[in-house]
Amino acid sequence: MAKYYITTPIYYITDKPHIGTAYTTVISDIIARWHRLCGDDVFFLTGTDEHGEKVQKASERAGMQPKEFADTMASKFSSAWKEYNITNDAFIRTTDRQHESIVAEFIKKLYDAGDIYKGEYEGWYCTPDETFLTELQLKDGKCPECGREVKKVKEESYFFRLSKYQDKLLELYDKNPLFISPKFRSGEIINRVKGGLKDISVTRTTIKWGITFPEDSNHTIYVWVDALVNYISALQWPDGGNMRFWPADAHIIGKEIAWFHTVIWPAMLFSAGIDAPKKIFSHGWWTVEGRKMSKSLGNMVDPIELKNKYGVDAIRYYFAREMPFGDDSDFSEKNLIARINGELVDDLGNLVYRSLTLAERFNGRIKGAPELDKGLDVEHIKTLMTNLDTFNAIEEIWSQVRRTNKYINEKQAWKLNGEELGSVIYNILESIRIISVLIGPFMPETAEKIRAQLGVDKQDISHCKFSDFNGRIKKEGHLFNKIEKTQGMNA
RNA sequence: AGCGAGGUAGGGUAGCCAGGAGUGCCCGCCGGGCUCAUAACCCGGAGAUCGGUGGUUCAAAUCCACCCCUCGCUACCA
């Protein structure tokens, strides 16, 4: 049995869950469920990032202690994921005491390796935005975000010798072409690494809400270092039992944090003498109704509202189906409704309903030779899923849904009887049974409903081939209901 | 500015790396079939100067050059 370790980023708790974080988490869950379906020993991690200046400020505004504020926000995430049927094996919080002590131990290891030295951080700071900026980022000497004046700040800081690992990183990319996925994003990173790496500041003296740097208690560890270590602290590094899951098979992230995961994180691991993860997959971003999603535009989509309105499985399906492998996509309610009505209600729901009507009326033996197995390529779907390509995997599954609908029409099943009908029904039900297994990771509730109506046992990937049909038909209702146009959120 | 990604019928995508008739898929539109099914499903059709210009070639959506447009990243902003 192969092990499979998959992670989401840990989400920064100044925001509540939105469509982007929900997307990352759902996609990761689909992959995790897929691997379980394939019999792998899976560890699936998500969690929250709770230190840093912004959290400190946000908690002050909320009139709470940072830890109290963090507790409130973290539970918003864990309860949202519960509602989305997320099957994470652990939920890590960077304020967990175990995490804090492991981060301290980890950074000490880098220190002992001679990769941490004391220096002086110098840069620009935009006070109203509370943001540190580099020379390059400034626009006409002012803050690129708000256009206001910035001031020069100088502060004692400890640095990590990132520059030392340039060659080792390039070697990593070279030996593992899929390390930075999808491939079209790797050039960007590799060129920048080739262009040279600067050491990075890893501690702060001005921020109190963080983990104390063990070598100098005037400093706290910078949030990014703290956050990245979650991937191993959740496994109880260095010698906890779950370390057998390391190296991670896939870190699923948004493209905006690719640099940290593909450059800084492996470099820190090298310094600590730990293997690099196998793959960093950065997915695209959602725009909302054609516009960038942002708080100031007020177009943040609340995943809980969305789910309450359309159903968990519909949203999970939409996430996996709408956004092509790694690309950006537009979220639009019109489009979501079109997919629910066209693909879930008309294609899949209707297929199951009409098939069960035929099967229920038939009282002969459901038996025959496989005909509908042609064209269904489970191995290909496996390959796509291994490559995290949920978009094309669904396309492939749906072609079988369409093929089955077509088969019913071509055979004119409603006109047949006797053995001939028994054979056609056999093919239809076997096809639906296999479809239900394949869609399980995407739409677990729907898969379960189909399975119950077919009256078959729980199955895994090895059952995705035509064999004898052994179910006991029990037709219930429709799997999905049509969304009327007037029901749209903004309609 | 530098680096990167993309511009294919009304919309969305695949094809490009390894050139060979504009070929595929989904939605929408028009017409037909069927009645097991949630106005569903199935079949057929219309619709594209493949962003522009120039080049290589017997042959370019595909290779090369230049240009236009959109988007992302640019390191300590989760």
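Letters A, B, ... are given to chains in the order of the sequence lines, protein chains preceding strands, and every chain is numbered from 1. Computation of the quantities below employed the complete heavy-atom set of this structure, encompassing side-chain atoms and omitting hydrogens, waters and symmetry-equivalent molecules.
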Is the count of non-hydrogen atoms from other residues, nucleotides or ligands lying under 6.0 Å from A:Glu420 atom CD greater than 12? no
Quick one: do A:His261 and A:Tyr231 satisfy ring-ring contact (aromatic ring centres under 6.0 Å, His included)? Show the steps, please. CA-CA 11 Å; A:His261 284 79; A:Tyr231 299 127; 5.6 Å; yes
Give A:Leu197 one of three labels, base, sugar-phosphate or nothing, depending on what nucleic acid heavy atoms sit under 4.0 Å from its own. base
Side-chain donor/acceptor contact of A:Asn409 with base of B:rC41 under 3.5 Å: yes
Can you find a donor-acceptor N/O pair under 3.5 angstrom joining the side chain of A:Asn350 to the base of B:rA37? yes
Residue-phosphate contact under 4.0 Å: A:Tyr222 side-chain N/O, B:rC77 OP1/OP2: yes
Which base, if any, makes a Watson-Crick or G-U wobble pair with B:rC36, both distances under 3.5 Å? none
Under 4.0 angstrom between A:Lys482 side-chain N/O and B:rA39 OP1 or OP2: no
Residue A:Asp347, side-chain atoms from C-beta onward, closest of B:rC41, B:rC36, B:rC77: B:rC41
Tell me: NZ of A:Lys198 to C1' of B:rC76, nearest whole Å? 10 Å
Distance-only donor-acceptor test, A:Arg403 side-chain atoms vs B:rC42 base atoms, 3.5 Å: no
Which base, if any, makes a Watson-Crick or G-U wobble pair with B:rA75, both distances under 3.5 Å? none
